[in-house]
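Predicted, not measured: the structure shown is a model, and the values here were computed from it.
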Amino acid sequence: MGTPLACLFTCVALAAGSAPPQDPPSKPLRCRTVEYVEASEKTLDKDGPGPEAATMEKAETKLIASFDARRLAVQSGGVLQVWDFESGVVRTIDRAAGTYAEVSVLSEVAFVQIEMRNRVGLRGVLQSAKIELADEWSPFDLSVQFGWQAKGDDVALDRAEEGGEVRVSRAGQVVTSWKLSDHDLDDSQRAMFCRLLQRQAHLHPRAIAALADSGRLPSELVFRWRSPGMQATTRWHLAGVRDDEWPGSTEGLTRTFGEGPLGRIARMVCTPDAGAVPERLSAERFAELAEAASKERRFGDAALLLLENGLTTGEQAPLLRRLAANADAKEQLGRFLRPIGLANEDPDEALALFDALDRSKLSRPAFVDVFRVNALRQKGKVDEARDLMLATLEVLPWITMAYKDLGDLYFAAFETGHAWTAWELGRRIAPGHECWKALEDYEKKLRREFAERL
């Protein structure tokens with residue numbers, strides 16, 4: 001609302017027959033958009049057993065990529081994938097549905113790190129067992145597949161240029177070749193084009209660097225790559241270049257977390273005022289409930305309430321120390337706290353004790369399962385542990401440290417996208433909780449190691 005003085009000036013302007021001053025319309029953000037026709041040929045089961053012939057698959061698609069200083073967008077069918085490196089997220093936009101999904105870009109590089117390490121490790125195990133491996137198991141091929149230098153990849157690459165075509169070879173075999181267009185790329189565009197190649201092509205990282213150093217878009221790009229049981233040749237042909245409006249805006253779209261328990265939990269955390277969302281208790285409220293339970297001699301219930309407060313808010317309640325010193329409370333506390341203490345060192349005994357607990361007088365009986373999850377994980381029952389944690393969080397969605405554990409369970413199963421979603425939800429609840437310190441250190445390490453991919 002304007003001040004009286006501003007209103008006076010507006011009235012004078014209108015009386016003089018001129019329109020009031022208007023803010024200039026915001027200019028749409030511009031970006032470079034490139035279109036490539038991608039044609040690929042894959043030979044499958046090249047080294048497979050039996051007399052069956054290898055099969056050939058051919059496909060042709062259009063690759064549309066847009067990029068500006070710190071963002072990359074790739075259109076595939078009706079879905080747009082956006083890497084916003086400034087914000088540190090990857091978004092999948094479905095305009096027909098009016099929705100977008102979002103996850104930390106670190107989940108993507110973590111998956112690359114894990115997958116490459118696992119494959120190098122598996123190769124070493126197979127070699128130690130004297131199992132003959134196909135050439136496709138080499139660290140060089142792993143570097144090509146992921147566009148990132150694999151451990152043990154020390155292959156020398158040769159570069160030759162003839163008739164405007166650059167060829168990159170390994171042991172006399174051309175693995176990548178390109179011809180350059182007249183379309184220049186500035187420094188930031190080159191950086192984003194590198195990130196496009198890392199994600200959408202299969203080039204050795206040294207070939208990516210050499211192509212980027214040219215400072216121009218390739219008009220033709222051919223790359224050959226292989227993995228166990230498959231080899232492929234892909235060709236990109238430049239079909240168009242234009243300056244365009246940035247296609248990756250989420251204005252007017254609704255963020256979605258998918259179906260299933262994690263999606264339901266995410267919607268509760270992100271919309272806490274919606275109907276049927278369980279109440280989020282403060283540290284003070286936890287203390288009040290625990291004090292009331294203690295007065296009613298429900299000492300085990302009081303202890304669990306105070307433990308939940310600690311896992312949720314990070315605050316330690318003095319009442320818990322008083323309970324531990326209370327001789328009358330000793331038997332009840334032991335009944336509940338003993339299986340919690342045994343969950344890591346003797347998970348079978350812990351699970352038996354958890355099963356024997358009478359939860360009927362507990363204020364929040366589902367909380368016990370947060371600790372039961374630890375026992376299941378120690379027994380190697382990762383899927384069962386994850387499902388139990390999800391079920392617990394659907395009932396009690398505000399336990400900060402449970403999201404740390406849930407993310408760890410997803411991470412152990414190589415589901416890095418779900419892991420970072422779980423960690424995001426927990427950090428929304430209590431971003432300063434001490435349980436995030438190790439994760440933050442790991443994220444800093446990823447940013448350092450993968451700086452040229454982020």
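- Between Phe450 and Trp148, the distance from one ring center to the other falls under 6.0 angstrom.
- Salt-bridge check for Glu440 with Lys437: failed, with every basic side-chain N at 4.0 Å or more from each acidic carboxylate O.
- Counting all heavy atoms, side chain and backbone alike, Gln378 lies closest to Ala343 at CG-O, 3.5 Å.
- Rounding to the nearest 0.5 angstrom, the gap separating the OG1 atom in Thr92 from the CG atom in Leu80 is 8.5 Å.
- Between Glu38 and Lys62 no salt bridge is recorded (no basic side-chain N to carboxylate O distance below 4.0 Å).
- In this structure a side-chain-to-backbone donor-acceptor pair under 3.5 Å is missing from Glu415 to Ala419.
- The residues Arg91 and Asp84 are annotated as salt-bridged, a charged nitrogen and a carboxylate oxygen being separated by less than 4.0 angstrom.
- When every heavy atom of Tyr403 is checked against every heavy atom of Val269, the shortest pair comes out as OH-CG2, 3.4 Å.
- When every heavy atom of Ser107 is checked against every heavy atom of Thr416, the shortest pair comes out as O-OG1, 2.8 Å.
- Within the model, atoms CZ of Arg264 and CG of Leu393 stand 12.0 Å from one another, a figure rounded to the nearest 0.5 Å.
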*Would you sort out whether Asp141 and Ser138 count as a side chain to side chain donor-acceptor pair (under 3.5 Å), showing the intermediate values?*
CA-CA 5 Å; Asp141 287 290; Ser138 72; 2.6 Å; yes
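- A side-chain N or O of Glu108 and one of Trp83 form a donor-acceptor pair less than 3.5 Å apart.
- Note on ring orientation: taking the six-membered ring where Trp is involved, the planes of Phe411 and Tyr442 are perpendicular (angle over 60°, cut-offs 30° and 60°).
- Judged by distance alone, with hydrogens and angles left aside, the side-chain atoms of Arg195 form a donor-acceptor pair with the main-chain N or O of Ala191 at under 3.5 Å.
- The CG atom of Leu289 sits 9.5 Å away from the CD atom of Glu308 when rounded to the nearest 0.5 Å.
- When every heavy atom of Thr400 is checked against every heavy atom of Cys435, the shortest pair comes out as CG2-SG, 4.3 Å.
- Using a 4.5 Å heavy-atom cutoff, the side chains of Leu221 and Thr234 are not in contact.
- Taking CG of Leu63 as the reference point, atom CG of Leu196 lies at 6.0 Å (rounded to 0.5 Å).
- The aromatic ring centroids of His237 and Tyr36 lie 6.0 Å or more from each other.
- If you check the side chains of Asp158 and Ser169, you find no donor sitting under 3.5 Å from an acceptor.
- In summary, Arg359 and Asp369 engage in a salt bridge, as defined by a charged side-chain N under 4.0 Å from a carboxylate O.
- Looking only at atom types and distance, the side chain of Ser66 has a donor-acceptor partner in the side chain of Thr33 under 3.5 Å away.
- Taking the side chain as every heavy atom from C-beta outward, Leu157 and Phe140 approach each other to under 4.5 Å.
- The minimum heavy-atom distance between Pro278 and Met268, with the atom names listed, is CD-SD, 3.6 Å.
- A salt bridge links Lys404 with Asp408: the distance from a Lys NZ or Arg NE/NH1/NH2 to an Asp or Glu carboxylate oxygen falls below 4.0 Å.
- Glu443 and Trp420 share a side-chain donor-acceptor pair at under 3.5 Å.
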*Under the salt bridge (Lys or Arg N to Asp or Glu O under 4.0 Å) rule, what do Arg372 and Asp355 come out as? Steps first, then yes or no, please.*
CA-CA 9 Å; Arg372 185 182 177 87; Asp355 289 340; 2.8 Å; yes
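- A salt bridge does not link Asp405 to Arg386: none of the charged nitrogens lies less than 4.0 Å from a carboxylate oxygen.
- Counting non-hydrogen atoms of other residues, nucleotides and ligands closer than 6.0 Å to CD of Glu434 gives a total of 12 or fewer.
- Here the CG-CH2 distance, from Leu439 to Trp423, works out to 5.0 Å after rounding to the nearest 0.5 Å.
- Few gaps surround NE2 on His202; more than 12 heavy atoms of other groups in view lie less than 6.0 Å from it.
- With contacts defined as side-chain heavy-atom distances shorter than 4.5 Å, the pair Val82/Leu72 does not qualify.
- For the pair Thr271 (side chain) and Ala274 (backbone), a donor-acceptor distance under 3.5 Å is absent.
- Taking the six-membered ring where tryptophan is involved, the planes of Phe223 and Trp236 are perpendicular, since the angle between them exceeds 60° and thus also 30°.
- Of the charged side-chain nitrogens involved, none lies within less than 4.0 Å of a carboxylate oxygen, so that Arg364 and Asp301 do not count as a salt-bridged pair.
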_Please evaluate residues Leu357 and Phe336 with respect to the criterion side chain to side chain contact (heavy atoms under 4.5 Å, CB included), reporting the C-alpha separation (whole Å), side-chain torsions for both, the decisive distance (0.1 Å), and the verdict._
CA-CA 7 Å; Leu357 287 177; Phe336 285 98; 3.9 Å; yes
_As a quick check of understanding, evaluate side chain to side chain donor-acceptor pair (under 3.5 Å) for Gln145 and Arg119, giving each step before the final call._
CA-CA 12 Å; Gln145 186 169 355; Arg119 293 197 192 187; 3.0 Å; yes
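- Counting heavy atoms from C-beta on, the side chains of Cys31 and Pro247 come closer than 4.5 Å.
- Thr176 is listed as a side-chain neighbour of Leu203, based on a closest heavy-atom distance under 4.5 Å.
- Because its NZ or CZ atom is both nearer than 6.0 Å to the ring centre of Trp246 and within 45° of the ring axis, Arg71 counts as a cation-pi partner of that residue.
- From Leu446, atom CG reaches atom CG of Leu106 across 5.5 Å, with rounding to the nearest 0.5 Å.
- Of all heavy-atom pairs between Ala402 and Met389, the closest is CB-SD, 3.7 Å.
- Between Ile93 and Arg95 there is a side-chain heavy-atom pair separated by less than 4.5 Å.
- Ion pairing between Glu86 and Arg70 holds under the 4.0 Å rule for side-chain N and carboxylate O.
- A salt bridge links Glu349 and Arg338; the closest N-O separation between the charged side-chain nitrogens and carboxylate oxygens is under 4.0 Å.
- Of the possible donor and acceptor atoms, one in the side chain of Ser143 sits under 3.5 Å from a partner among the backbone N and O of Ala150.
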